[in-house]
There are 2 protein chains.
Amino acid sequence: MRYPRRVPRSGAEARRRLQQAALELYRERGFDQTTTAEIAARAGVNERTFFRHFPDKREVLFDGEADLRAALARAVAEAPADLQPLEILLFAFRKVERILEDNRPFAEPRLHVIAVTPALRERDLAKTASITEAVAEALRRRGVTDRLAGLAAHTGWAAFHQAIQSWIDDSSQSLDAHLLQAFDDLRALSATAPPAQARPGD
Amino acid sequence: MRYPRRVPRSGAEARRRLQQAALELYRERGFDQTTTAEIAARAGVNERTFFRHFPDKREVLFDGEADLRAALARAVAEAPADLQPLEILLFAFRKVERILEDNRPFAEPRLHVIAVTPALRERDLAKTASITEAVAEALRRRGVTDRLAGLAAHTGWAAFHQAIQSWIDDSSQSLDAHLLQAFDDLRALSATAPPAQARPGD
DNA sequence: CTACTTAGTGCCAGTCACTGACGTAACGCG
DNA sequence: CGCGTTACGTCAGTGACTGGCACTAAGTAG
């Protein structure tokens, strides 16, 4: 009787409850000190149901990354044709900022838990890599050279990541402002790039 | 009696045997289809001993990353004083190339297993992040701005990583040649960086 | 040669993440 | 109302990982 009868058996409902319960417990007593059984209990479902909705204990905090990835890939594809690789990325990041800004109430505690939990940081890095690869692929579809696409995606994401961190630390400015700042930094960095060198193979 | 009596009880010995056995089994039947008990059995030790040498089933393939991290940090610290951030990194990467080149016989199958195993790719990304952070810290110690250091480390590592991939795919050229190529690409990318923009906050 | 110390190991019991199989309750539809 | 589909509960397992304790092979001091 732990499951409210009035609630329709929607699946999405249990899913949301599990995510909420997991985030709460991870914050209260830490990721390692939380069992999947406890999460399920707080969400009012069976432990088995937890694993029907999420492949593992970590993934419960990483829902929606697929959406971000898809949105970024689409934004890259739709960017104006006359832009250079990094300009395309700046355009794309600015276009998906809203997804993060609207999600801040959930995103902030989530980022905190991830930051203090090695296992979750690992998963976060994997998600980042997945997104970066999707962005690189989107760039290639626009005709950007193979090697250059991967490099640009990594570099651009580094700036984006930098912006998000600054935004979390200093919410007095918008994420957009932090993003533009980060790309300015990137420009400064580029200005100090090492000069071309003679290669042994040449 | 599975443990040869002539072999001194050195610890390092068992450690090496476990690494070898793990790599073999992961290649033969896959990471997920291999149990830690099987690894221990092939190495001629108890399963418990496996976990005394390695914190988990993955880490057995990631020994030595700490050495690479330390070597890179040292190389960054010892780079000529008049270099710019990315020049410092190129200098540092060229200095530690040998570590990878000497290890190729072990590194190649290892990279293959990692490439086809999601769980191992995750751990690999975590190691990469750890190294990147150490490099950024080393840059900061040289007086590089906080934000710039992280950005430079990420960007530089992206080039290094790119070089390693190219090197694995095409061993006809040295790792050094691939590395110089990657940094040339980086320079080309920099040349197309988006121009400074007016920021709302200004 | 003995006693003491230290490191590396074997063995055992236990927790917990995760899975497969099977039965059941809640819908959606004709 | 019957009926298929979907989400869920229950149970029995496998395997990664841990703590505790005893044992054995060194080295070291006396």
Side-chain angles (χ1 to χ4, degrees), chain A residues 1-23 25-26 28-63 113 117-123 126, chain B residues 1-23 25-26 28-63 113 117-123 126:
Chain A
M1 203 39 168
R2 347 175 213 183
Y3 202 95
R5 286 280 170 254
R6 317 172 53 104
V7 176
R9 199 93 92 71
S10 69
E13 172 70 18
R15 194 181 179 82
R16 248 178 283 121
R17 297 171 74 114
L18 282 167
Q19 288 176 349
Q20 186 63 34
L23 182 55
L25 284 167
Y26 291 170
E28 288 172 16
R29 63 182 81 169
F31 177 84
D32 293 324
Q33 282 67 46
T34 302
T35 70
T36 55
E38 289 168 340
I39 299 172
R42 179 169 297 202
V45 299
N46 190 274
E47 185 181 1
R48 191 66 181 85
T49 296
F50 178 93
F51 288 104
R52 286 210 178 87
H53 283 281
F54 306 100
D56 62 61
K57 192 183 169 187
R58 306 175 187 176
E59 199 65 17
V60 65
L61 286 192
F62 292 90
D63 213 31
V113 173
T117 311
L120 291 176
R121 278 207 304 273
E122 258 191 51
R123 176 58 54 87
Chain B
M1 205 35 164
R2 347 172 212 183
Y3 204 95
R5 285 281 169 253
R6 319 170 53 101
V7 176
R9 197 94 91 72
S10 69
E13 173 70 19
R15 193 181 180 82
R16 248 177 283 120
R17 297 168 72 115
L18 283 166
Q19 290 175 348
Q20 185 64 35
L23 181 56
L25 285 167
Y26 292 169
E28 288 172 15
R29 65 183 79 168
F31 177 83
D32 293 325
Q33 281 67 47
T34 303
T35 71
T36 55
E38 288 168 340
I39 298 171
R42 179 170 297 203
V45 299
N46 190 274
E47 184 180 2
R48 190 69 180 84
T49 296
F50 178 93
F51 289 104
R52 287 209 178 87
H53 284 281
F54 306 100
D56 62 61
K57 192 184 168 187
R58 308 175 186 176
E59 199 64 16
V60 66
L61 286 193
F62 292 90
D63 213 32
V113 173
T117 312
L120 292 176
R121 277 207 305 272
E122 259 191 52
R123 176 59 54 86

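Note on naming: letters A, B, ... go to the chains in the order of the sequence lines (proteins, then strands), and numbering restarts at 1 for each one. Only heavy atoms go into these numbers, but all of them, side chains included; no hydrogens, no water, no symmetry mates. Worth saying up front: this structure is predicted, and the values here are computed from it rather than measured.
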Can you check the [X] [atom1] to [N] [atom2] distance for me, whole Å?
X	N	atom1	atom2	answer
A/N46	C/dA25	CG	P	15 Å
A/R15	D/dC8	CZ	C1'	15 Å
B/E13	D/dA25	CD	C1'	15 Å
B/E38	D/dC17	CD	P	14 Å

[atom1]/[X] to [atom2]/[Y] distance, rounded to the nearest 0.5 angstrom?
X	Y	atom1	atom2	value
A/F62	A/L120	CZ	CG	5.5 Å
A/L23	A/T34	CG	OG1	10.5 Å
B/R58	B/F31	CZ	CZ	6.0 Å
B/T36	B/F54	OG1	CZ	12.5 Å

Item to check | Partner residues of A/F51 under the ring-ring contact (aromatic ring centres under 6.0 Å, His included) criterion, sequence neighbours left out | outcome: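 Testing A/F51 for ring-ring contact (aromatic ring centres under 6.0 Å, His included), a comparison that skips the adjacent residues, returns none.
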Checklist entry - Is there a donor-acceptor pair closer than 3.5 Å between any side-chain N or O of B/E38 and the backbone N or O of B/T35? => result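 Flag set: sc B/E38 to bb B/T35 pair under 3.5 Å.
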Checklist entry - Taking OP1 and OP2 of D/dA7, is either one under 4.0 Å from a side-chain nitrogen or oxygen of A/T49? => result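 No, no such contact exists.
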Next on the checklist: If the cut-off is 4.0 Å, is B/H53 near the phosphate of C/dG8, judged by side-chain N/O to OP1 or OP2?
Outcome noted: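 False: B/H53 side-chain N/O out of range (4.0 Å or more) of C/dG8 OP1/OP2.
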Checklist entry - So does A/R52 reach the base of D/dG9 with its side chain, donor to acceptor, closer than 3.5 Å? => result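 By the distance-only test, yes, there is a pair.
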Using a cutoff of under 3.5 Å, can you pull out all pairs of nitrogen or oxygen atoms linking the protein to nucleotides 17-19 of chain C, with atom names and distances?
from   : atom 1 : to    : atom 2 : distance (Å)
C/dA17 : OP1    : A/T34 : O      : 3.2
C/dA17 : OP1    : A/K57 : NZ     : 3.4
C/dA17 : OP2    : A/T36 : N      : 3.3
C/dA17 : OP2    : A/T36 : OG1    : 3.2
C/dC18 : OP2    : A/K57 : N      : 2.6

